[in-house]
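Worksheet: the structure to be examined is printed underneath.
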Amino acid sequence: TWEEIVIFREDLLMKMRRACVVPPNLSESAELSEHLVKTIIDQAHLCPLPIHKRPIYWDYDHSLGLYPLPTVAILCDSFDQYKWSYSGCECFNPGSFSSDSKFAVYYPATKQVEPSQINTEYD
């Protein structure tokens, strides 16, 4: 079977929080990362921000669309590691390798994501 993997590098959670008109319902889920994933998947766009917050280059906007829905969306953000499955799409943030040596391993055969970290402390 074919898999479509989308990799997107943007500090999207922070930008979405700044542009938020209606705050997320934290009684439904306390995790902001889950709200981000649901918004991106439901909007079928990697950057669903208003035009005055994020200019749109119409010639290239189609490349940010998520239709058809990918198998995996890797949302590389400066936020902590997270992993959510929503509407058949695995979405995860591998973490920040440069600041805390965190990364994620994706196994396409089993569609599993394994958060990892390199131990930088030496005895």
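Here, residue 1 is the first one in the sequence, and each next residue gets the next number.
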Open item on the list: Strictly distance-based, threshold 3.5 Å: is any side-chain N or O of Gln117 a donor or acceptor partner for the main-chain N or O of Asp100?
Closed with: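 Present.
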Open item on the list: Any side-chain to backbone donor/acceptor pair from Asp11 onto Asp77? Under 3.5 Å, distance only.
Closed with: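 Answer holds: no.
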Supply the atom-to-atom distance [X] [atom1] to [Y] [atom2], rounded to the nearest 0.5 angstrom.
| X | Y | atom1 | atom2 | answer |
| --- | --- | --- | --- | --- |
| Leu12 | Phe79 | CG | CZ | 12.0 Å |
| Arg54 | Cys47 | CZ | SG | 4.5 Å |
| Ser87 | Leu66 | OG | CG | 11.5 Å |
| Leu49 | Glu10 | CG | CD | 8.5 Å |
| Leu13 | His35 | CG | NE2 | 10.5 Å |
| Tyr82 | Leu36 | OH | CG | 4.5 Å |

Are any non-hydrogen side-chain atoms of [X] and [Y] less than 4.5 angstrom apart?
| X | Y | answer |
| --- | --- | --- |
| Asp42 | Tyr86 | yes |
| Leu64 | Phe8 | yes |
| Leu75 | Phe92 | no |
| Cys91 | Ser85 | no |
| Ile5 | Tyr106 | yes |
| Pro24 | Leu32 | yes |
| Glu90 | Lys83 | yes |
| Asn93 | Gln81 | no |

- [ ] Any chance you could lay out the side chain to side chain contact (heavy atoms under 4.5 Å, CB included) test for Ile7 and Cys76, step after step, and finish with the verdict?
- [x] CA-CA 7 Å; Ile7 302 171; Cys76 306; 4.1 Å; yes
Open item on the list: Checking Ile74 against Val6 for the side chain to side chain contact (heavy atoms under 4.5 Å, CB included) test, could you report, in this order, the C-alpha distance in whole Å, the side-chain angles of both residues, the deciding distance, and whether it holds?
Closed with: CA-CA 6 Å; Ile74 305 170; Val6 173; over 6 Å; no
Open item on the list: Checking Arg18 now: which residues fulfil salt bridge (charged side-chain N to carboxylate O under 4.0 Å, His left out) with it, not counting sequence neighbours?
Closed with: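 Per chain and number, Arg18 pairs via salt bridge (charged side-chain N to carboxylate O under 4.0 Å, His left out) with no residue.
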Open item on the list: Under the rule for salt bridge (charged side-chain N to carboxylate O under 4.0 Å, His left out), what residues qualify as partners of Asp61, not counting sequence neighbours?
Closed with: none
Task: Cluster link Leu26 to Val37, ILVMFWY, side chain under 4.5 Å - done: yes
Testing the basics here: between [X] and [Y], what is the closest heavy-atom pair and its distance to 0.1 Å?
| X | Y | result |
| --- | --- | --- |
| Arg9 | Ser78 | NH1-N, 4.5 Å |
| Glu3 | Pro108 | OE2-O, 2.8 Å |
| Ile118 | Phe103 | CG1-CE2, 3.7 Å |
| Pro50 | Ala19 | CD-CB, 4.4 Å |

- [ ] Starting from Tyr60, walk the hydrophobic network (Ile, Leu, Val, Met, Phe, Trp, Tyr; side-chain heavy atoms closer than 4.5 Å) and list everyone else you reach, by chain and number.
- [x]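 Members alongside Tyr60: Tyr57.
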- [ ] Using a strict cut-off of less than 4.0 Å between a Lys/Arg side-chain nitrogen and an Asp/Glu carboxylate oxygen, indicate whether Lys38 and Glu28 qualify as a salt bridge.
- [x] yes
